[in-house]
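Chain identifiers are assigned alphabetically (A, B, ...) following the order of the sequence lines, protein sequences preceding nucleic acid strands; residue numbering begins at 1 within each chain.
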Amino acid sequence: MIDIRIIREHFEDYKKVCERRGCPVNLDTILELDKSSRQLAQEVDALRAERNRLSKECQTNPAAREQVKSLKVDLGTKENTLNELQDKLMKMLAFLPNQLADDVPNGLDDTDNVELRKVGTIPTFDFPVRDHQQLGELLDIIDTQRGAKVAQTGFYYWKGKGAQLAQALFFWTQQQLVNKGFTLFMTPCVAKERTLYGTGYLPFFADQTFNIKDTELALIGTSEQTLVGYHADDVLDGKDLPLCYTAYTPCFRTEAGSYGKASKGIFRVHQFHKVEQIIFCKPEDSVKYHDFCLENEEYLLQQLGIPYHVVNVCVGDMGAPGYKKYDIEAWFAGFGGYREVTSNTNLTSFQSRRLNIRYKDGDTRDYVHTISATAVTDRVLVAILENNQQADGTVIVPEVLRPLCGFDKIEPKKR
RNA sequence: GGAAGAGUGGUCGAGUGGUCGAAGGCGCAACAUUGGAAAUGUUGUGUGUGGGCAACUGCACCGUGGGUUCAAAUCCCACCUCUUCCGCCA
């Protein structure tokens, strides 16, 4: 949620932001609506003051009752109109995007993202490389067929050593983050509408949500929803900030309309698994902690030996709630290119306003800023499979995971 | 799932129709006292939103949403949450 004062006081600047984002919103209408609703609010307040005054008078002068009764008719209609105006205004505000950091690149889609740096050595092979789908079958560790049979296309199984490796990866990642000061959570895997709305997934990504029939609940698209929602309506103590939270959960997305080569295998699925980083901090610190989350992402990939590059996400590839976003794209040998494995967004006060998350520090009282960043997902495991493959299909396990999964390679299934 | 009870400010807790945005205690802050501190004393101490340079002041808020009434923390209805007891259960 954008602060209405930004539209009142920095109208032209904000209008440019909407234009850069390609957001078709009518700010003039919003400004007028704001003006008329504030004017009406004053009238309503004045009538209420009169009502309150007359009501007290009733104790000594019963005749005043009739005056209040007639006054209330006018007040009632004005109150209704006011509510309608305010509802309408809130609905329009809910669709407005966040402001933008100065250094967000222009552009339409991910091809316009700006590469900041490349890290790691891209592996070379003297044999034809397999993609993760082929490796998954060869090693008998990924089963998309049965995922589709039991659930639906877009769901899959990790199996055997694949599942063991996945658990090792997710556990290892959680431990690394705990070591860096994060508090680990296990969260609900469903959330109510307010939580999704508050985190900005509604109304912006409504078609991505799995709703649960006959309830007001939906499956979470990310633990960001439950971790940020955790502090809805809280006034945090400034001394406790930043709060660094992490959780490992499944993530459910309908992925409406995403098909094609880029979604081959298990790259784009309805259910994936993610360790998340969430930070609540003071507004003046959000740039710093946005970078902190990026450092963590890079550290994890480096420890796992995965080559990657970091991109500064352009305005067209960033969601409306984002102020600034870094993506890390890892190298996928089977795909033969870089593909997104993490995204790290500074949401400034966009979520905290919607969820009413504030902090208090001395005389300062303000909305916190939130940072939402991936730590690792299944895709990281996919990168490991594709990058660490040998000629016969054997996959070498990254050293840091070996103590946890208990093996150093996964070999093809014996026939 | 069944039964009973409860949700009031940072916290505890009083308050069953008006003088209640709300007693009192604790906590917190400032000042006094002290060499310094404790103890003590005095004063102050909710949030949001609007008006005003300001002093100040209008409105709203006692779990949430409706309703009754000239007037609701207080009465009525629904919902949510918590506690206790019973049942079931990973």
Side-chain angles (χ1 to χ4, degrees), chain A residues 1-9 30-94 96 167 185-198 202 212 214-219 225-226 229-241 243 248-250 280 282-283 349-368:
Chain A
M1 181 75 68
I2 206 78
D3 187 347
I4 182 81
R5 276 174 290 209
I6 287 165
I7 303 173
R8 284 181 204 148
E9 291 160 24
I30 289 175
L31 204 56
E32 273 181 35
L33 206 53
D34 175 51
K35 199 175 161 189
S36 50
S37 108
R38 292 214 291 169
Q39 195 182 336
L40 187 58
Q42 285 197 30
E43 290 176 36
V44 166
D45 275 4
L47 283 173
R48 283 176 180 163
E50 181 66 2
R51 178 202 59 193
N52 292 345
R53 193 185 63 76
L54 283 172
S55 248
K56 280 182 183 159
E57 201 180 307
C58 286
Q59 290 173 77
T60 52
N61 174 21
R65 288 182 190 186
E66 295 311 312
Q67 288 181 51
V68 180
K69 274 187 182 174
S70 63
L71 182 150
K72 278 176 68 182
V73 177
D74 188 26
L75 178 59
T77 53
K78 281 205 162 78
E79 278 177 332
N80 286 339
T81 313
L82 180 60
N83 287 339
E84 282 164 22
L85 282 181
Q86 286 176 340
D87 277 0
K88 200 170 162 190
L89 187 58
M90 287 306 282
K91 278 182 184 138
M92 293 181 85
L93 284 177
L96 295 182
Q167 295 292 359
F185 283 78
M186 291 181 72
T187 85
C189 293
V190 298
K192 59 177 71 170
E193 188 175 310
R194 186 204 172 191
T195 308
L196 301 193
Y197 168 84
L202 294 178
I212 301 175
D214 298 328
T215 73
E216 292 183 14
L217 296 169
L219 297 175
Q225 294 162 351
T226 45
Y230 182 81
H231 280 304
D233 296 320
D234 281 351
V235 179
L236 304 169
D237 189 330
K239 293 177 193 67
D240 296 334
L241 299 179
L243 291 172
Y248 164 68
T249 65
F280 300 85
K282 295 180 189 174
S349 60
F350 193 86
Q351 294 178 325
S352 59
R353 283 179 190 283
R354 290 171 166 242
L355 284 169
N356 192 27
I357 307 173
R358 291 164 298 170
Y359 79 99
K360 196 177 176 183
D361 198 2
D363 291 332
T364 307
R365 198 184 179 91
D366 198 359
Y367 292 102
V368 298

Q: State the pairing partner of B:U83; accept Watson-Crick or G-U wobble contacts with both distances under 3.5 Å, and report none otherwise.
A: B:A4
Q: Let me see the working for A:Asp366 and A:Tyr359 under side chain to side chain contact (heavy atoms under 4.5 Å, CB included), right down to the final yes or no.
A: CA-CA 6 Å; A:Asp366 198 359; A:Tyr359 79 99; 3.7 Å; yes
Q | salt bridge (Lys or Arg N to Asp or Glu O under 4.0 Å): pairs with one or both residues in residues 50-60 of chain A, sequence neighbours excluded | A | A:Glu50-A:Arg53, A:Arg53-A:Glu57
Q | Position toward the 5' end of RNA chain B (nearest nucleotide), A:Lys360 or A:Glu66 | A | A:Lys360
Q: Please determine, for B:G9, whether a Watson-Crick or G-U wobble partner exists with both distances under 3.5 Å, and give it or none.
A: none
Q. Where do A:Lys360 and A:Asp237 land on the salt bridge (Lys or Arg N to Asp or Glu O under 4.0 Å) test, with the steps shown first?
A. CA-CA 5 Å; A:Lys360 196 177 176 183; A:Asp237 189 330; over 6 Å; no
Q. What residues, two or more places apart in sequence or in another chain, satisfy side chain to side chain contact (heavy atoms under 4.5 Å, CB included) together with A:Arg65?
A. A:Cys58
Q: Please state the P separation for the pair B:U74 and B:G66 - nearest whole angstrom.
A: 14 Å
Q. So is A:Arg354 actually on top of A:Tyr197's ring, under 6.0 Å and inside 45° of the axis?
A. yes
Q) So do the side chains of A:Lys88 and A:Leu33 get within less than 4.5 Å of each other, counting heavy atoms only? A) yes
Q) Is any side-chain heavy atom of A:Ile4 less than 4.5 Å from a side-chain heavy atom of A:Leu93? A) yes
**Q.** Opposite nucleotide pairing with B:C88, Watson-Crick or G-U, both atom distances under 3.5 Å
**A.** none
Q | Rounded distance in Å between the C1' positions of B:A72 and B:G15 | A | 13 Å
Q. In the strands shown, is B:G46 matched to any nucleotide by a Watson-Crick or G-U wobble pair with both distances under 3.5 Å, and which?
A. B:C61
Q. Base, sugar-phosphate, or nothing for A:Ala64, non-hydrogen atoms under 4.0 angstrom?
A. nothing
Q) Taking the same atom, P, in B:A29 and in B:C86, what whole-Å distance lies between them? A) 46 Å
Q. Across all strands, who's sitting opposite B:G35 as a Watson-Crick or G-U wobble pair, both distances under 3.5 Å?
A. none
Q.
Give me the distance, rounded to whole Å, that separates B:A22 from B:C70 when you measure between the C1' atoms they each carry.
A. 22 Å
Q: Check every nucleotide of RNA chain B for an atom under 4.0 Å from a heavy-atom of chain A, then give the first and the last such nucleotide from 5' to 3'.
A: B:G18 to B:A71
Q: Any chance you could lay out the salt bridge (Lys or Arg N to Asp or Glu O under 4.0 Å) test for A:Asp234 and A:Arg358, step after step, and finish with the verdict?
A: CA-CA 6 Å; A:Asp234 281 351; A:Arg358 291 164 298 170; over 6 Å; no
Q | Closest-nucleotide ordering on RNA chain B, the 5'-leading residue of A:Gln42 and A:Lys72 | A | A:Gln42
Q: Pick the C1' atom in B:U19 and in B:U83, then give their distance to the nearest Å.
A: 36 Å
Q) With sugar-phosphate meaning primed atoms plus P, OP1 and OP2, does A:Gln59 contact a base, only sugar-phosphate, or nothing at under 4.0 Å between heavy atoms? A) base
**Q.** Nucleotide forming a Watson-Crick or wobble pair with B:U69, both distances under 3.5 Å
**A.** none
Q) If you measure from the C1' atom in B:C31 to the same atom in B:U81, how many Å do you get, rounded? A) 43 Å
Q: For nucleotides B:A14 and B:C20, find the distance between their C1' atoms and express it as a whole number of Å.
A: 12 Å
Q.
Tell me which nucleotide, if any, is Watson-Crick or G-U wobble paired with B:A54 when both distances must be under 3.5 Å.
A. none
Q) Taking atom P in both B:A4 and B:G10, what distance in whole Å separates the two? A) 33 Å
